**Q** 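Would you mind keeping the following structure in view while I ask a few things?
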Amino acid sequence: MEKPAISNFIRNTIDTDLAENKNQGRVATRFPPEPNGYLHIGHAKSICLNFGIAQDYQGTCNLRFDDTNPERESLEYVQSIKDDIAWLGYQWNALRFASDYFEQLYDYAIELIKQGKAYVDSLTGDEIREYRGTLTKPGKESPYRDRPVEENLKLFESMRAGKFEDGQHVLRAKIDMSSPNINMRDPILYRIRRVSHYRTGDRWCIYPMYDYTHCISDAIEDITHSLCTLEFEDNRALYDWVLDELDVPSHPQQIEFARLNLEYTVMSKRILNRLVYEGHVSGWDDPRLPTISGLRRRGYTPESIRDFCERIGVTKKQGTIAMSVLENSIREDLDQSAPRRMAVLDPLRVVIENYPEGQTETVTASNHPKNPQMGQRPLTFSGVIYIERSDFMETPAKKFFRLAPGREVRLRYAYYITCTGVIKDDQGEVIEIRCTYDPATKGGSSADGRKVKGTIHWVSADHAANAEIRLYDRLFRAPSPAAKADFLEHLNPQSRIVLTGCKVEQGLVDMQPEARFQFERQGYFCADRQDHSRGHPVFNRTVTLRDTWAKIEKTAGSLAQHS
RNA sequence: UGGGGUGUAGCCAAGUGGUAAGGCACCGGAUUUUGAUUCCGGCAUUCGCAGGUUCGAGUCCUGCCACCCCAGCCA
């Protein structure tokens with residue numbers, strides 16, 4: 001089946017531009033993060049958009065770090081961002097830094113001053129805010145607005161030379177203090193900030209603002225379509241103003257789209273930072289986080305994230321995507337690609353009474369039921385095995401068709417067994433069950449055509465390895481935690497459950513970190529990228545399988561409550 | 001009381017004057033040695049609301065309503 005072409009308003013715009021031979025038929029985009037945090041799934045949307053368009057239109061996409069505010073930026077973030085983009089499967093055309101353009105940016109500022117389009121303002125921060133007016137009241141002009149060009153030039157040079165204190169002066173564009181668009185009320189272009197920059201060190205003590213830097217950087221790089229999120233819509237007038245006033249190489253078109261919101265999680269850098277630095281999660285790559293590195297550690301594939309970004313579309317309408325869409329993307333990928341294994345998360349000991357004491361034998365298990373090319377593996381079967389505790393009910397609920405006293409089920413790839421007894425401890429908890437097996441059902445089918453309703457997974461007690469398995473669930477209980485002032489109160493205390501003493505197939509301990517599997521009837525898991533080792537196997541649950549039984553149970557439960 | 005945006009099903013989303021794609025979710029039913037997968041079927045007489053133009057409107061016009069963004073020397 002051929003995939004239908006992606007259609008969205010940005011691609012439509014590009015199609016029109018191409019049809020009109022705008023930009024000589026060239027398409028150039030860029031992904032412009034500020035290196036002050038880790039990338040998350042919302043950035044992935046922008047990455048897939050920008051790099052995807054470049055790919056599909058034989059264009060280019062640059063990676064440019066918008067590093068104009070040295071305060072919170074660092075090389076660590078630059079490196080993580082590069083790693084994440086590469087892992088997602090994209091290659092940037094040119095690698096650029098806004099800080100590479102500081103000298104050019106400065107020259108352009110001089111040009112603006114000479115044209116009388118920019119001036120040095122000496123109002124204090126508070127005064128500037130006052131003078132700006134409000135949403136409904138126009139601002140008023142600074143008394144320094146009409147400084148002569150020569151004085152502005154001298155002052156701006158002195159600003160660069162470090163002759164003033166932080167905040168003493170700023171460079172402002174001279175536009176319109178009564179504009180209904182607040183961004184046009186003489187926006188600040190440069191501020192004095194004696195902070196050492198992770199790339200330019202102490203070479204500069206003045207730094208250009210985003211609005212001034214971004215458009216010029218785009219123009220320098222000959223970007224044709226500058227894609228950004230909706231909150232910059234009002235900044236577009238300023239983007240265009242700067243480029244119109246200056247003799248720059250090109251004038252890219254800014255197009256805004258809605259950022260991604262995902263149910264039950266947060267995308268805000270501010271909140272993500274708090275979660276990490278206050279220790280509510282283990283780090284930027286905590287598998288519960290929507291960061292790229294978190295999703296990676298959780299077991300998501302680059303393909304699944306790209307597929308997700310394609311499914312959600314690109315529009316100007318702000319919406320919130322259901323988690324199920326993300327989960328569906330990874331399930332679809334892993335269902336095809338992940339080898340099957342058996343793992344018992346909550347082991348219940350089963351003794352098969354009629355199995356010859358001390359005997360073992362080999363059964364053959366398929367690595368993928370639909371893909372024989374993935375091969376088979378031998379599994380050791382014996383008279384003492386573990387099954388999942390939830391696969392046994394002493395008094396079975398309605399529609400439960402797994403193991404219960406007197407009932408027969410199939411052990412996957414092995415034998416039919418029938419429960420003959422239950423052993424409990426002093427507290428009355430089931431600690432072992434007794435069964436008999438039917439030797440005529442080896443491999444899992446009976447010669448007499450007798451059917452069983454349930455098939456359960458198992459491991460041989462003496463041939464299984466112990467493993468730690470981490471179960472992850474949504475980080476928050478509230479669908480839109482970011483909207484809550486007390487979002488920390490809505491953290492899901494069950495978002496991470498660590499199971500030790502799980503029993504898994506022996507072969508699993510030798511798997512490389514990040515290897516992915518389906519643990520049959522449980523879900524998709526991956527060997528933890530950081531903590532997994534032969535001596536201490538650790539698996540993360542990426543996502544559960546779809547679970548119709550859980551749905552039935554839930555429905556039955558709520559029915560019982562209502563009756 | 002200003003300006004900029006957005007409204008198509010429970011959640012996304014296509015649709016560019018010719019009679020509402022697709023995905024997720026949900027509900028059936030078939031197949032199944034994973035209660036998985038797969039398959040088949042169902043799921044908007046209607047596009048925020050009210051008028052208007054037109055043979056014909058989700059698409060054009062007018063008015064209204066709802067929601068989001070903007071008053072950092074952040075990006």
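Just so you know, these numbers come straight off a predicted model, no measurement behind them. Every chain is numbered from 1 and lettered A, B, ... according to where its sequence line falls, protein lines coming before strand lines.
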**Q** Under a 4.0 Å threshold between the charged nitrogen and the carboxylate oxygen, would E388(A) count as salt-bridged to R402(A)?
**A**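 So R402(A) does not pair with E388(A) through a salt bridge.
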**Q** Using only heavy-atom distances, decide whether a donor-acceptor pair under 3.5 angstrom links the side-chain of R402(A) to the base of rG35(B).
**A** yes
**Q** N181(A) side chain: which of rC73(B), rU34(B), rG3(B) is closest?
**A**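 When the side chain of N181(A) is considered, rG3(B) is the closest of rC73(B), rU34(B), rG3(B).
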**Q** For S445(A), which contact category applies under a 4.0 Å heavy-atom criterion: base, sugar-phosphate, or nothing?
**A** base
**Q** Taking only Lys NZ, Arg NE, NH1 and NH2, and the carboxylate oxygens of Asp or Glu, determine whether E221(A) and R30(A) approach each other closer than 4.0 Å.
**A** no
**Q** Side chains of residues 316-323 of chain A: which donor-acceptor pairs under 3.5 Å do they make with residues two or more places apart or in other chains?
**A**
from, atom 1, to, atom 2, distance (Å)
K316(A), NZ, E233(A), OE2, 3.2
K316(A), NZ, E256(A), O, 3.3
K316(A), NZ, E256(A), OE1, 3.3

**Q** When all nucleic acid strands are considered with a 4.0 Å heavy-atom cut-off, which category describes F232(A): base, sugar-phosphate, or nothing?
**A** base
**Q** Any base atoms under 4.0 Å from P369(A), or only sugar-phosphate, or nothing? Heavy atoms, all strands.
**A** base
**Q** Any side-chain donor paired with an acceptor under 3.5 Å for Y210(A) and N235(A)?
**A** no
**Q** Name the closest nucleotide to the N12(A) side chain, picking from rA25(B), rG15(B), rG72(B).
**A**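 Taking heavy atoms from C-beta onward, the closest nucleotide is rG15(B).
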**Q** Does the side-chain ring of Y210(A) lie flat on the base of rA75(B), meaning centres under 5.5 Å and planes less than 30 degrees apart?
**A**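 Base of rA75(B): not stacked against Y210(A).
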**Q** Using atom C1' in both nucleotides, what's the gap between rG72(B) and rA21(B) to the nearest angstrom?
**A**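 rG72(B) and rA21(B) have their C1' atoms separated by 44 Å.
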**Q** For L123(A) and for K551(A), find the nucleotide of RNA chain B with the closest heavy atom, then tell me which residue's nucleotide is more 5'.
**A**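 Closest to the 5' end, via its nearest nucleotide, is K551(A).
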**Q** What's the closest nucleotide to the K316(A) side chain, out of rG35(B), rA71(B), rG5(B)?
**A** rG5(B)
**Q** When you measure from the side chain of T136(A), which nucleotide among rC74(B), rA71(B), rG2(B) comes out closest?
**A**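 Given the options rC74(B), rA71(B), rG2(B), the side chain of T136(A) is closest to rG2(B).
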**Q** State whether the distance check finds a donor on one side and an acceptor on the other, under 3.5 Å, for side chain Q522(A) versus base rU34(B).
**A** no
**Q** The side chain of R311(A) is closest to which nucleotide in this list: rA14(B), rG15(B), rC24(B)?
**A**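 Nearest listed nucleotide: rC24(B).
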**Q** Taking only the side-chain heavy atoms of V325(A) (C-beta and beyond), determine which of rA75(B), rG2(B), rC24(B) contains the nearest atom.
**A** rC24(B)
**Q** Flag the pair R474(A) and E263(A) as a salt bridge only when some basic side-chain nitrogen lies within less than 4.0 angstrom of an acidic carboxylate oxygen.
**A** no
**Q** Check whether the side chain of R546(A) and the base of rU37(B) form a donor-acceptor pair under 3.5 Å.
**A**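 When only heavy-atom distances are counted, R546(A) does not reach the base of rU37(B) through any donor-acceptor pair under 3.5 Å.
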**Q** Counting the atoms with a prime plus P, OP1 and OP2 as sugar-phosphate, which does S179(A) contact under 4.0 Å by heavy atoms, base, sugar-phosphate, or nothing?
**A**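 No contact.
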**Q** So if I take every side-chain heavy atom of K317(A) and compare against rA13(B), rC70(B), rC74(B), which nucleotide ends up nearest?
**A** rA13(B)
**Q** What integer distance in Å separates Y207(A):OH from rC74(B):C1'?
**A**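 One finds 15 Å between C1' of rC74(B) and OH of Y207(A), rounded.
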**Q** Just to be sure I understand the rule, does L545(A) reach a base, reach only the sugar-phosphate, or reach nothing, if contact means heavy atoms closer than 4.0 Å?
**A**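 Base contact - L545(A) has a heavy atom under 4.0 Å of at least one base atom.
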**Q** Over all strands shown, is G167(A) touching base, sugar-phosphate only, or nothing at heavy-atom distances under 4.0 angstrom?
**A** base
**Q** Answer with base, sugar-phosphate or nothing: what part of the nucleic acid does K370(A) contact at a heavy-atom distance below 4.0 Å?
**A** base
**Q** Look at all strands and tell whether D166(A) reaches a base, only sugar-phosphate, or nothing, counting heavy atoms closer than 4.0 Å.
**A** nothing
**Q** Do S446(A) and D448(A) have a side chain donor and acceptor closer than 3.5 Å?
**A**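 Yes, side-chain donor-acceptor contact under 3.5 Å.
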**Q** When the nearest nucleotide of RNA chain B is assigned to E233(A) and to A550(A) on a heavy-atom basis, which residue is associated with the more 5' position?
**A** E233(A)
**Q** What's the gap between rA75(B) and rG48(B) when it is taken at their P atoms, as a whole Å value?
**A**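 The answer is 38 Å between these two P atoms.
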**Q** For rG23(B), does the glycosidic angle fall within 90° of 0 (syn) or outside that (anti)?
**A** anti
**Q** Give me the one residue out of E127(A), H169(A), Q168(A) that meets side chain to side chain donor-acceptor pair (under 3.5 Å) with S122(A).
**A** H169(A)
**Q** When you get a sec, tell me which of rG15(B), rU37(B), rA75(B) is the closest nucleotide to the side chain of D335(A)?
**A** rU37(B)
**Q** Counting side-chain heavy atoms from CB outward, which of rG35(B), rC70(B), rC74(B) is closest to D547(A)?
**A** rG35(B)
**Q** With the side chain of E332(A) defined as its heavy atoms from C-beta on, choose the nearest nucleotide among rC24(B), rU37(B), rG2(B).
**A** rC24(B)
